[in-house]
Every structure is written in structure tokens, then in C-alpha cells.
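Both ligands and their constituent atoms are indexed starting at 1 by order of listing.
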Amino acid sequence: MTSKKTFYVTTPIYYVNDVPHLGTAYTTTIADVVSRYRRALGEDVFFLTGTDEHGQKAQNAAEARGLTPQQHCDELQQRFRDAWTALSISNDDFVRTTEPRHARVVQEALARLWKQGEIYEGSYEGWYHTADEVFVTETEIDEKGLDRAKLVRVSEKNYFFRMGKYRDALVAHIEAHPRFIRPEHRRNEVLGFLRKDLGDLCISRPKSRLAWGIPLPFAPDFVTYVWFDALLNYVSVPGLYFDEARFARTWPADLHLIGKDILTTHSVYWPTMLLALGIPLPTTILAHGWWTRDGAKMSKSVGNVVDPLAYAAKFGVDALRWYLVREMVVGQDADFSDARLRSRYDGDLGNEWGNLLSRTMTMIGKFAGGRIPSPEHEAGGPSEARDAANALAAALPAHLDDVALHRIGEDVMGLLRAGNRHVDATQPWKAAKDPANAGFVRDALYTLAETLRFASSVLVSILPTKAPEALRQLGVTDGAADLRAALRWGALAPGTVTAPGAVLFPRIDPPAA
Ligand code: MSP
């Protein structure tokens, strides 16, 4: 008997020192939406996020607060857990790199690589960027315009991973697997990077300079370079070396979601580490773009960083999730603006969806005794809405495979717009005046209710509170669970008792000018 492969989706693990911000909230939200869709379609999903806790920044920040690094991290990681709870994130696990279940795998992997001769002792002489914890060359200092005041000259013994040796194997893998690095322009970027010589990777830091890390098992005066440690979270949690059955069911990851700033670490360091360890590579690494704020880069010093929790408090979590999913074409950059968020709220959610729901509820109340009417023609007969719903259902799996979540959002809006046009075209309140039109009215109302049921079922994964609420008003109480069954036009049972409720998206007062 073969057990089913789990769909395994990851976010980066976030630096514990930073507060959860729009960028980290975005990556986590799209991972959540993908996970919810896959679960609703009947897949086993494992959705992992967590915190990256070792390294210089955590050590320095802890010292400045008079705490041990562990105390500091224990406190700060909670902000991520709380933020994800507040944003309706349904992660299956939360990993901290300071946990023994992770550290023991890092040590085991290092021990194996050392034994295999994949790690060697060498010396490093050159510039070290303390804040970023990386060694930099003269060329990089010039190219990136690095501040020399932040660089220290070091000359020290270190340990190196033979990364360069895997360059050709990695290029061959990327070329043979078009979906390994996505989108296409990022794949080309990585191939371009690999055209140059690929050096070896320094994977240690002497304890004298940085103590807050996982000790190298073969050289206890050194700790593991924070990226080498952090990347291994993707295999430590599903059980590498410690739970073979679970690891076989879960690995390889189907989808590593990352931001474009961490493309090289994920598509060069990580796969070469896996190749050296003899572990299969992940199926897809997908890099999304960058959120800017009113056209400018977000930064703490400018003070224009978006706090997702403040927006969730004002517009509701679901509205923020909708905005993030709908506004960013996955892979491209997008601009966060209050005006855009407000217009998505008023337009998409308030007018197209919420309004259609309340109008339909009112009409079903008046003209059908509060029950879903029995249509005269099969499922309300042909309509633009029915066609839009069927097209949406057909396109959904491919959109999901492409993580084209904005396309799912567009398709749902197209369906709801068709529903709104159906109201205008059929005008049930006028037709109802003549009893001879009873069948026509029942068809029209059925079509509207079915449009809303269909659209709301698809929206459950993006708006996990509001969409089930819309379904409840339609009398559908179990519609959220099985999306496959819900994606069939005509599934709404005539006679279902509706339960009209509160307006889904009440007006929010504009900010005082
Ligand atoms: N700790 C590493 C990742 C290790 S994974 C093995 C790290 N952490 S981070 O806290 O800096 O978070 C990085 C994530 O936040 C990336 O996916 C990054 O792209 C995302 N974002 C940070 N600012 C962003 C924007 N302004 N816009 C979109 N995402 C950005 O890197």
C-alpha cells in the first residue's frame, strides 16, 4: 500500500528580531491560501512556517536588552504566532531553529557532510559584513555600494562546503525542470548567476565572534552559518533522519514560497546542500515580488512600513487578505496604497459580492418565501453566470498549480459581475408582478443564489470568515468543506431555507481629510 504524498508548502522562516510586517504577512498569506485550497480539494497538506532565531542580530539585540539570546527569542517569536493567528493563517506547524528537533538534524547533516569530505577546513581573509553576516568581496562592496564602516577585516580559520562542485548538476536540474524555479525570469536570473564560477560556501562562524548558533559537531569552537542552519528547517520538521516514514510522505516540498530577495540562498545554496546530502530537490521554488508603499520602498527609517495588523483591525482580516491576493500578480512587484485597498473593499467586496447577497436575500424573502426556489429549467437554465462558473471551475486547478491566486480572484469577480448583470437583465421584482412569470422568476432567483453559492465557495480559502458567513445566509452550512463538490453548478438544493443576516462589508468611514 502506498500512502498519499502530502502537499508540502513552506514560507521562509522569519528573522525573529523584526516585527511581522506586510512582506512577511504576504508570503504567509499566499501560503495559507494555497494550503486552504489544496485541503478543500481533498489533498493532505503540510503548511510550515516559523522563525529563524540564530545569528548576530539576535545576539546583539539580546545583549542590548540584558537578556540571554534564548530569552530574547522566546519572547519575540510569540509576535509571529500572534500575528498569524490574527491573520487567519492555518499553518500546520511552527518551527523555531532553536528547537532540539531542528538543531539535531542540522548537526546530523553537518556530521555526514564532514564525513563525506563535502566540508573542509580553510582560511578566510577579507571583509565581513557584520549586520548581514556575510563575507563580501571588493567587487561586491563596489557593486552594492556597501558602507565600509559596517565592514570588518577578518582573517580566520573557517569551514567550507564544496558548493562549487555542484554547479553543473544544478544547472542541469534547472534546465530539465522548467517548474523548479518560477517565475521564468527568476529562473533565468539563477541560470545567469550560475554561468559565473560558483565558489564554495563558508558555513561556520568562530564562536569568539558569534556564539549564538548551532555548534559544528566536528569543531565545537564554531557555530553554523545562519543560512545553512535555517534552510535545513524545511527537512528537519518533516522528519529527516528521525522519522523516515513521515519524511518519505512529505518530502520533497511541493512549494517553497519566498520573496525575490532570498532567491540565491533558496535556489543555489539550498539545492546544492541537498545534492550533497543525496536528498531529492524541492519541486518548485516560487519567488514573489516586492511590495512598495505609495511607489516607494518600505523602510523603518522612512517610517512607511505597513503594519498588516492595523489594516486588519480597520478593514477586517478577510478584506486585507483579499486585497493582498487580488492586488499582487504573483511574481511581480505591487504597490500598497490605502486608496486601492479601500476601493477593493467598497467595489469588489461591498458592491459586487455583499450587495448581490443582500439583494438576493431580500428577493428570495419576498418572492420565494425565504427558500431557494425550485427552478423551472435545469439549474436555472442557461446564463452568462452559469458559463462563468463552469469556466472558473475548469481553470481553478491550473491557477492553483501556477499560484496565480490573483487569477482566481479575477475569475470570481467575473462570476459575481455576471450575477449582478443577471439582476439587471431579469429584474425579478418587476416580473413577479405577473403570476404568469412565476417560472421565470424562480429561474432568475435560483441563478442568483447559485452564483453566490458558487462564488462564495471558491472564496472560502481567501476569505475564511466572510465566505462561510455568505454561505450560511444562503442556507449552506457545510459548503466550505468540500470544494470539489461545491464546484458543480446546480448543487444548491431547491427548498433550502435561507438565513438572511448582517451586511457582509459595512461601509467604513473614510479617514478625516
Ligand atoms: N530568515 C530569512 C529566511 C530564511 S528561510 C530558510 C529571511 N527572513 S525575513 O524575516 O527577512 O523575511 C523574508 C521574507 O519577507 C521574504 O520572503 C521577503 O521577500 C519578505 N519580504 C520582506 N519585505 C518585503 C516586501 N516589502 N515585500 C514583499 N516581501 C518582502 O529572509
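T24 CG2, 3.5 Å is the protein heavy atom nearest to atom 15 (O) of ligand 1. The nearest heavy-atom contact from the protein to atom 17 (O) of ligand 1 is G259 N, 3.0 Å. Counting only heavy atoms of the protein, atom 22 (C) of ligand 1 lies nearest to H21 CE1, 3.3 Å. Remark: minimum distance from atom 10 (O) of ligand 1 to any protein heavy atom is reached at Y15 N, 3.0 Å. Protein heavy atom in closest approach to atom 13 (C) of ligand 1: Y14 CD2, 4.2 Å. Counting only heavy atoms of the protein, atom 21 (N) of ligand 1 lies nearest to G23 CA, 3.7 Å. Nearest non-hydrogen protein atom to atom 27 (N) of ligand 1 is W291 N, 2.9 Å. Annotation: atom 3 (C) of ligand 1 to nearest protein heavy atom, I13 O, 3.2 Å.
In terms of polar-atom proximity, defined here as any N/O pair under 3.5 Å, W227 makes no such contact with ligand 1. Annotation: I258 places no N or O atom under 3.5 Å from an N or O atom of ligand 1; distance criterion only. Considering both main-chain and side-chain atoms, K260 never comes within under 3.5 Å of ligand 1 through any nitrogen or oxygen pair. Considering backbone and side-chain atoms alike, M298 places every N or O at 3.5 Å or more from each N or O of ligand 1.
Two rings, from W227 and Y269, have their centers 6.0 Å or more apart. Aromatic rings of Y225 and F161 (six-membered ring for Trp) have centroids beyond the 6.0 Å cut-off, not under it. Residues H266 and Y234 bring their aromatic ring centres within 6.0 Å. Not less than 6.0 angstrom separates the ring centroid of F94 from the ring centroid of F80.
Those atoms of ligand 1 with a heavy atom of D261 less than 4.0 angstrom away are 16 (C), 18 (C), 19 (O). In summary, the atoms of ligand 1 found under 4.0 Å from a heavy atom of P12, numbered by their order in the structure, are 3 (C), 5 (S), 17 (O). Proximity to Y234 (heavy-atom distance under 4.0 Å) selects the following atoms of ligand 1: 5 (S), 6 (C). Near A230, meaning under 4.0 Å from one of its heavy atoms, ligand 1 places the atoms 6 (C). With ligand atoms numbered from 1 in the order given, ligand 1 contributes 1 (N), 2 (C), 4 (C) to contacts under 4.0 Å with heavy atoms of D52. Within ligand 1, the atoms closer than 4.0 Å to a non-hydrogen atom of H288 are 28 (C), 29 (N), numbered from 1 in the order shown.
The pair R36-D32 counts as a salt bridge, with a side-chain nitrogen and a carboxylate oxygen less than 4.0 angstrom apart.
At a cut-off of 3.5 Å, with distance as the only test, no side-chain donor of E53 or W212 sits close to an acceptor on the other residue. Between the side chains of W84 and N91, no donor-acceptor pair of N or O atoms lies under 3.5 Å. With hydrogens and angles left out, the side-chain atoms of Y26 and E327 include no donor and acceptor closer than 3.5 Å.
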Let me see the working for L216 and D221 under side-chain contact (heavy atoms from CB on, under 4.5 Å), right down to the final yes or no. CA-CA 8 Å; L216 295 188; D221 290 340; over 6 Å; no
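In this structure, T27 is part of the shell of residues with a heavy atom less than 4.0 angstrom from ligand 1. Proximity of W290 to ligand 1 is established by a heavy-atom distance of less than 4.0 Å. By the 4.0 Å heavy-atom criterion, G289 is counted among the residues contacting ligand 1. Ligand 1 lies less than 4.0 angstrom from a heavy atom belonging to H266. Put simply, no part of W270 is less than 4.0 Å from ligand 1, judged by heavy atoms.
Ring pair F135/Y124 is tilted by interplanar angle, where 30° to 60° counts as tilted. Note on ring orientation: taking the six-membered ring where Trp is involved, the planes of F505 and W353 are tilted (angle from 30° to 60°).
Checked options H102, E99, E108, R104; the residue passing with S236 is H102 (criterion: side-chain hydrogen bond (donor to acceptor under 3.5 Å, both in side chains)).
Judged by the 6.0 Å and 45° rule, R344 forms no cation-pi pair with F315. No cation-pi contact links R205 to Y128, judged by a cut-off of 6.0 Å to the six-membered ring centre and 45° from its axis.
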